[in-house]
There are 2 protein chains.
Amino acid sequence: MKKVSESTIARLSVYLRLLTELAAAGVTTLASGELARRCGTSAAQVRKDLSFFGTFGKRGLGYSVPELTEALRGILGLERRWRVALIGAGKIGAALMAYQDFRRQGFDIVAVFDADPARVGTEWQGLVIQRDADLETSLQGIDIAIVAVPASAAQGVVNRVVAADVRAILNFAPTKLDVPEHVAVKTVNMALELEGLSYALVNEARGARRVTSRPAASRG
Amino acid sequence: MKKVSESTIARLSVYLRLLTELAAAGVTTLASGELARRCGTSAAQVRKDLSFFGTFGKRGLGYSVPELTEALRGILGLERRWRVALIGAGKIGAALMAYQDFRRQGFDIVAVFDADPARVGTEWQGLVIQRDADLETSLQGIDIAIVAVPASAAQGVVNRVVAADVRAILNFAPTKLDVPEHVAVKTVNMALELEGLSYALVNEARGARRVTSRPAASRG
DNA sequence: CGGGACTTGTGAAACCATTCACAATCCAAC
DNA sequence: GTTGGATTGTGAATGGTTTCACAAGTCCCG
Ligand SMILES: NC(=O)c1ccc[n+]([C@@H]2O[C@H](COP(=O)([O-])OP(=O)(O)OC[C@H]3O[C@@H](n4cnc5c(N)ncnc54)[C@H](O)[C@@H]3O)[C@@H](O)[C@H]2O)c1
Ligand SMILES: NC(=O)c1ccc[n+]([C@@H]2O[C@H](COP(=O)([O-])OP(=O)(O)OC[C@H]3O[C@@H](n4cnc5c(N)ncnc54)[C@H](O)[C@@H]3O)[C@@H](O)[C@H]2O)c1
């Protein structure tokens, strides 16, 4: 299989979300132009993105909504459910635990860890908070770790997560994480987004214009 | 001024964060290679990023930490404080309100809005929640709006935010937002990151390798 | 004061992603 | 059937970003 950019994968997620909505609304067929319009991209981009994975449309007609939905779910690995551990039962963690959409998309938070002895053992959003010290053993069978601890603790937690053989990490700490090359990391960095807005605000005055893409997650 | 990519701006934020840390640790001078290593990029990339905005280093020596810090703050528009409104006093909103780092970086949340009559008028994290109906008038003097309402309500809220002449939006709803071209929007989409991890997990089995960049915020 | 070690700033080259443009295909209608 | 209108899939062209490579500048030490 050829190499596919993260941009493409991110757009496939966006397409899938739209398709799910349209399916619920009873739409059965959709052309690349309409899909593109609703997702903020171009028809050519939609077709190129899909072409990396096969051919899903019918010339002259467009795409079958249920078929394309299934195809995208397959490509993205969403035909199975994923076991997720949350590390750090703080403010962000609470929001994530309460958020039902992840579950709806196939991500089950099945374990929560915290270092604070006052929290360990208490029930929280339906799960018992486990001791941070038990990470190595308790992460057996976990597919994805969400790291929601202070930045200063993040690398240490990640090292242990990696040692426990977890190969995907969603990181909320605003810090660079070093991981071996077989581990995928995505970082959600809100401060960086705010600073991007700050830049846009001061530069609209100076007359700067439309800007293009951004870097992101690392692997390795 | 030439056009600078969002990738570059995002990296400048990352550099600034590192510099702030190093300054606190008493480091006074830093070469592009070391900065790159600590930020997960290349020395050439660091120098190219900076070169869009001027020349900040000394050949043979590297960069002065305090000087480069000030330069980056200037470039990113962080020499002033920004007035931020939070719209949607839910789970995510609570995490954001409690998060002190934004304030430390120059972003002050000075108003909170919610549509739920049970919440309006109550004090919440030190601010009184205002009626959603008052948005248009109460957004006077706001620089940035954080939209943390359900996806179904987001476009409606955004239209009113734009009508109130706010020109920068940080969006947490997993939905495409239409805004006029002079308004900057950045979306934080965690579901999309999780799906990216799902893709990485199913494709490491299939032997896919390192992937490159991703799209993001739109303007216009 | 000159040589050596080091580092920046920057054109040019390489790489990657997006857009263009069109032949191939499909459906419907007659 | 055959025609017309629509839409896909994809090489080629374009546009943008990252990496390379090196001349120019700085510092230190003898
Ligand atoms: N709250 C926000 O809006 C926000 C926004 C952007 C980024 N972040 C980042 O997200 C992370 C979490 O933020 P938060 O607001 O939820 O913080 P928080 O302080 O509310 O929660 C952090 C939790 O992590 C636990 N913890 C600390 N060290 C640990 C360890 N080694 N192992 C396990 N648990 C540990 C603490 O006991 C605490 O419960 C931080 O890195 C923060 O910078 C938060
Ligand atoms: N909680 C998470 O971890 C999480 C993760 C990813 C994305 N999100 C997204 O963030 C957004 C907020 O999520 P949440 O978990 O905080 O939801 P929530 O239900 O806890 O909060 C939403 C709040 O918005 C208010 N609201 C609804 N319509 C409004 C309107 N028109 N004007 C003003 N306020 C209005 C509601 O009264 C509620 O208080 C959603 O779009 C969600 O999809 C949340």
Side-chain angles (χ1 to χ4, degrees), chain A residues 1-12 14-15 27-65 67-68 71-72 75 208-219, chain B residues 1-12 14-15 27-65 67-68 71-72 75 208-219:
Chain A
M1 182 174 288
K2 38 243 128 220
K3 165 210 46 159
V4 177
S5 76
E6 281 192 39
S7 314
T8 290
I9 301 306
R11 282 191 300 268
L12 294 183
V14 173
Y15 304 158
V27 178
T28 59
T29 241
L30 185 66
S32 60
E34 180 67 5
L35 177 47
R37 195 185 59 75
R38 308 267 308 245
C39 292
T41 183
S42 70
Q45 184 74 78
V46 167
R47 298 201 299 273
K48 180 67 83 181
D49 286 341
L50 295 175
S51 76
F52 291 119
F53 298 96
T55 131
F56 306 103
K58 277 215 172 46
R59 294 175 188 224
L61 247 203
Y63 300 88
S64 146
V65 170
E67 277 171 28
L68 187 54
L72 289 178
I75 291 165
R209 263 287 67 83
R210 183 180 275 278
V211 112
T212 46
S213 92
R214 85 176 172 200
S218 64
R219 181 186 262 269
Chain B
M1 180 174 291
K2 46 245 133 204
K3 164 212 45 155
V4 177
S5 75
E6 279 192 42
S7 314
T8 289
I9 301 306
R11 282 190 301 265
L12 294 183
V14 173
Y15 304 158
V27 177
T28 59
T29 240
L30 184 66
S32 60
E34 179 67 4
L35 178 47
R37 194 185 59 74
R38 309 266 309 245
C39 292
T41 182
S42 70
Q45 184 75 77
V46 167
R47 297 201 300 273
K48 181 67 84 182
D49 286 340
L50 296 175
S51 76
F52 291 120
F53 299 96
T55 130
F56 306 102
K58 276 213 172 49
R59 293 174 189 224
L61 246 204
Y63 301 88
S64 147
V65 170
E67 277 172 27
L68 187 54
L72 289 178
I75 291 165
R209 263 283 68 81
R210 185 180 275 279
V211 112
T212 47
S213 92
R214 84 172 174 206
S218 63
R219 182 185 261 269

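Values below: all heavy atoms of this structure, side chains included; hydrogens, waters and symmetry mates excluded. Below, read A as the first sequence line, B as the second, and so on, with proteins coming before strands; counting in each chain starts at 1.
Scanning for side chain to side chain contact (heavy atoms under 4.5 Å, CB included) contacts around A:S64 gives A:P66, A:E67, with sequence neighbours left out. A:R37 pairs by the side chain to side chain donor-acceptor pair (under 3.5 Å) definition with A:E34, not counting sequence neighbours. Residues that satisfy the side chain to side chain contact (heavy atoms under 4.5 Å, CB included) test with B:A31, not counting sequence neighbours, are absent from this structure. With sequence neighbours excluded, the residues that form a side chain to side chain donor-acceptor pair (under 3.5 Å) with A:Y15 are A:D49.
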Short N/O separations, protein against nucleotides 25-27 of chain C, under 3.5 angstrom:
| from | atom 1 | to | atom 2 | distance (Å) |
| --- | --- | --- | --- | --- |
| C:dC26 | O4' | A:R59 | O | 3.1 |

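Distance A:E67 CD to D:dT8 P: 14 Å, rounded to the nearest Å. Atom C1' of nucleotide D:dA6 and atom CZ of A:R47 are separated by 12 Å, given to the nearest angstrom. D:dT18 atom P lies 12 Å from atom CD1 of B:I9, rounded to whole Å. As a whole-Å value, the separation of A:F56 CZ from D:dT10 P is 11 Å. Rounded to an integer number of Å, the gap from B:L50 CG to D:dT17 C1' is 16 Å. Taking atom CG of residue A:L68 and atom C1' of nucleotide D:dT7, one finds them 14 Å apart after rounding to whole Å. Remark: C1' of C:dC15 and CD of A:E6 are 17 Å apart, rounded to the nearest angstrom. The nearest whole Å value for the distance from the CZ atom in A:F52 to the C1' atom in D:dG11 is 13 Å.
In this model, the phosphate group of C:dG9 is approached by a side-chain N or O of B:Y63 to a distance below 4.0 Å at OP1 or OP2. A close approach under 4.0 Å does not occur between any side-chain nitrogen or oxygen of B:S7 and OP1 or OP2 of D:dT17. Side-chain nitrogen and oxygen atoms of A:Q45 include at least one within less than 4.0 Å of the OP1 or OP2 phosphate oxygen of C:dT19. Taking 4.0 angstrom as the limit, B:S32 places a side-chain polar atom (N or O) nearer than this to OP1 or OP2 of C:dT8.
Atom-to-atom distance recorded for A:Q45:CD and A:S7:OG is 8.0 Å, nearest 0.5 angstrom. In this structure, CZ in B:R11 is found 6.0 Å from OG in B:S5, a value given to the nearest 0.5 Å.
Side-chain contact between B:F56 and B:L72 is absent, with no heavy atoms from C-beta onward closer than 4.5 Å. Put simply, the side chain of B:L50 does not reach to within 4.5 Å of the side chain of B:T55, judged on heavy atoms. Side-chain contact between B:L35 and B:L68 is present, with at least one heavy-atom pair separated by less than 4.5 Å. A:I75 places none of its side-chain heavy atoms less than 4.5 Å from the side chain of A:F52.
Applying a 4.0 Å cut-off to non-hydrogen atoms, none of the residues of residues 36-44 of chain B approaches DNA chain C.
Considering only side-chain atoms of B:S51, the nucleotide from C:dT10, D:dT19, D:dT17 that sits closest is C:dT10. Set against D:dG9, D:dA12, D:dT19, the side chain of A:K48 has D:dA12 as its closest nucleotide. Considering only side-chain atoms of B:A31, the nucleotide from C:dT19, C:dT8, C:dC16 that sits closest is C:dT8.
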